[in-house]
Amino acid sequence: MAFPTDEIDAWFATQEEFFLGRLTDDHTLVRFYDGIAWRGKTMGEFLIIVIDRDFPYSKPLAFIENYDLKRPQPHVEPIPQLGGIARLCLQTPAIPNNPLAAIQSAFMDARELLKANDAGSEDHDFEDDFGAYWRHYLPAKFREAKLHGMSEIPAGFGFFCYRNESYYCFPNKVSLRRWHTHLTDRYVRDPLRFPVIELTRLPRPDRYPSGAASMSTLLKRYTADGVAITGAMLRACPSRVPIILAGTKPDGSRVAVGVELVRRRDLKGRPLEKARVQAKLADNDVLSLYDVAPLNTRHLDSALCRMPDPALASVQKKVAIVGCGALGSGIAVMLAKAGVSRLILVDQDVLGWENIRRHELGAEWVGMAKARALKSRIEKSIPDIERVDFHACSIQALLRSNPNLLDGVDLVISATGDWGTDVFISDAVAQRESPLPTLYTWMEAYALAGHSVVLSGSKGRFTDGFDEVGNFKGKASVAGLKLPPECGNTTSPFGAVELAQSQAVASRLALETLAGRHKGDIWRTWTAEDTVVRHAEGVWTGFWLEKRGQPPALGGVSDGMWEF
């Protein structure tokens with residue numbers, strides 16, 4: 001699509017004044033950074049509007065030249081690789097059908113931002129978005145601080161290990177070792193201590209530390225006891241140590257960033273002072289022996305949970321999942337991603353090639369025990385999970401050998417699709433002295449319906465809904481399409497898309513139960529959309545139509561009482 005270059009040039013020619021002063025050069029069309037830019041000079045500073053080769057399907061960007069890092073401006077992101085170039089953080093949209101309007105909007109938005117910056121009305125953003133500014137003002141060569149659980153140590157000491165140019169910082173040795181072992185299968189033998197120092201207020205970018213002198217100044221101005229804490233740490237003669245600076249933003253949220261201190265050495269690789277001398281130095285003197293640089297700070301726990309409900313986001317619970325097939329494996333992964341901290345996985349089967357189109361595990365796991373492989377997959381995907389245990393055997397054999405397995409469990413989930421196993425679990429739970437909530441989940445033929453039932457353990461029994469051979473009394477659908485001869489059960493065939501609906505329903509109901517939402521028994525069902533029902537030559541049963549009514553044409557979820 002061609003865009004009106006002449007028209008855009010003509011419009012820029014009418015922009016005779018910026019708010020800072022008159023233009024001294026004509027606007028010119030220039031090549032810039034593999035794109036096209038219009039520039040206007042104002043008091044020695046260029047404002048550049050850049051479009052790339054995807055324009056007008058991409059939005060214009062605004063930059064300024066000759067940006068002085070010592071005079072930081074809000075909403076301006078320096079780009080060290082390009083010298084004095086800095087990008088303005090604008091929300092200007094792409095306007096594919098009106099390229100001129102897109103250029104005009106970017107130009108005007110940039111002028112308004114610079115005007116607001118000049119007036120000082122946006123200075124609050126240095127604190128509001130402190131973490132982002134910290135990353136923007138990193139030195140050309142930087143290392144990383146990867147933080148986890150800093151909320152557990154607002155001030156005090158944690159433990160770190162240094163690997164691959166990165167500091168891994170955790171509140172204690174246990175959490176550090178667990179995370180690192182889950183992800184890399186390597187044990188951290190000797191974690192080292194690091195301090196967390198509280199900032200009394202958040203500094204501007206021009207106050208960020210760049211050396212020992214500026215670090216000392218920052219600690220004196222912005223902390224109550226940072227100089228003393230740092231001095232005491234360095235008198236122990238560490239070769240390198242991260243210092244974590246933690247503070248509170250105006251909205252009340254917490255922020256933490258890292259600074260590294262590396263012991264300087266002479267040309268022969270020897271420390272500048274002997275250990276016995278360094279141990280006696282004053283705070284500022286011992287700090288002067290170290291190179292200081294900000295760290296690119298990343299929070300390993302920034303995505304612990306994406307649940308919109310705060311009650312569901314704090315599910316430090318223990319769940320036993322019996323059955324790690326297609327349905328159970330998906331539930332296990334969803335719960336782990338939602339923040340459930342401890343899982344027990346039970347399944348005696350081995351993953352086969354016939355499983356990989358529906359199962360959470362793929363071809364690389366074929367031939368391995370499902371429970372063991374699922375444990376490995378969850379730990380590597382979510383290394384901060386507290387604990388995942390697996391048992392590659394039946395639940396019957398497991399409880400015979402370990403009768404206390406379910407002690408301390410908050411919820412049992414049965415996703416076996418096997419009538420005998422479900423009855424065994426129901427009987428085992430009923431025999432316990434204290435009630436244990438149990439969720440049973442299964443799918444009807446061709447995935448026309450997926451059921452999830454949570455029983456509190458104090459009222460109804462799972463077997464109430466079935467006859468003695470396992471025929472479900474509350475069946476929602478009947479499929480006329482004959483099952484393929486290779487299918488050995490009544491819940492096949494169905495694919496990953498159909499399966500995902502039932503996984504989500506069961507996982508949501510499990511999280512609600514763990515959060516204490518349901519004191520009684522809940523029977524929740526997903527019913528498929530009409531196209532799936534027609535493909536399976538299916539109909540809804542009279543029981544279902546009487547109890548729940550006609551299911552929605554596009555599929556949906558309904559709740560009922562577990563009463564038969």
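The model shown is predicted, which means the values in this text are computed figures rather than measured ones.
Atom CG of Leu343 and atom CD1 of Ile321 lie 5.0 Å apart (nearest 0.5 Å). The NE2 atom of His75 sits 10.5 Å away from the CG atom of Leu88 when rounded to the nearest 0.5 Å. A distance of 8.5 Å separates CZ in Arg387 from CD1 in Ile344, rounded to the nearest 0.5 Å. Between the OG1 atom in Thr230 and the CD1 atom in Ile197 there is a gap of 3.5 Å [rounded to 0.5 Å]. Taking CD from Gln73 and CG from Asp118, the interatomic distance works out to 8.0 Å, rounded to the nearest 0.5 Å.
Within a 6.0 Å sphere centred on CZ of Arg372, other residues, nucleotides and ligands contribute 12 heavy atoms or fewer. Other residues, nucleotides and ligands contribute more than 12 heavy atoms inside 6.0 Å of the CZ atom of Arg254. Residue-environment remark: CZ (Arg264) exceeds the threshold of 12 foreign heavy atoms within 6.0 Å.
Salt-bridge check for Arg111 with Asp109: failed, with every basic side-chain N at 4.0 Å or more from each acidic carboxylate O. By the 4.0 Å N-to-carboxylate-O rule, Asp291 lies too far from Arg263 to be salt-bridged with it. Remark: Lys70 does not engage Asp68 in a salt bridge, criterion side-chain N to carboxylate O under 4.0 Å. A salt bridge is defined here as a Lys NZ or Arg NE, NH1 or NH2 lying under 4.0 Å from an Asp or Glu carboxylate O, and Glu360 with Arg377 meets this definition.
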Report task. Walk me through it: do Asp384 and Arg178 pass the test salt bridge (Lys or Arg N to Asp or Glu O under 4.0 Å)? Result -> CA-CA 7 Å; Asp384 47 20; Arg178 179 175 61 227; over 6 Å; no
Query raised in the report: Between Arg235 and Asp283, is a salt bridge (Lys or Arg N to Asp or Glu O under 4.0 Å) present by the stated rule, with each step listed?
Result: CA-CA 8 Å; Arg235 277 190 285 273; Asp283 295 331; 2.9 Å; yes
Query raised in the report: Does the pair Tyr167 and Glu144 meet the rule for a side chain to side chain donor-acceptor pair (under 3.5 Å), with working shown?
Result: CA-CA 6 Å; Tyr167 297 89; Glu144 290 195 335; over 6 Å; no
Query raised in the report: Is there a side chain to side chain donor-acceptor pair (under 3.5 Å) between Asp285 and Ser288 once you walk through the steps?
Result: CA-CA 5 Å; Asp285 293 335; Ser288 68; 5.1 Å; no
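Scanning for salt bridge (Lys or Arg N to Asp or Glu O under 4.0 Å) contacts around Lys375 gives Glu379, with sequence neighbours left out.
For Ser341 (side chain) and Lys317 (main-chain N/O), a donor-acceptor pair under 3.5 Å exists by modelled atom type. Looking only at distances, no side-chain donor or acceptor of Asp54 sits under 3.5 Å from a matching main-chain atom of Tyr57. Side-chain N or O atoms of Trp134 include one that pairs as donor or acceptor with a backbone N or O of Leu295 at under 3.5 Å. A donor-acceptor pair under 3.5 Å is formed between the side chain of Asp410 and the backbone N or O of Lys318.
Of all heavy-atom pairs spanning Ile356 and Ala363, the tightest one is CG2-N, 3.9 Å.
Phe130 and Tyr208 have perpendicular rings, their planes meeting at more than 60° on a 0 to 90° scale where under 30° would count as parallel.
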Using residues 154-166 as the side-chain source, report each donor-acceptor pair under 3.5 Å to any protein atom, sequence neighbours left out, with the distance given to one decimal.
residue : atom : partner : partner atom : Å
Tyr162  : OH   : Arg143  : NE           : 2.9
Glu165  : OE1  : Arg143  : NE           : 3.0

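A donor atom on one side chain and an acceptor atom on the other are found under 3.5 Å apart for Tyr133 and Asp125.
In this structure, Met233 and Val241 have side chains that are in contact, with non-hydrogen atoms separated by less than 4.5 Å.
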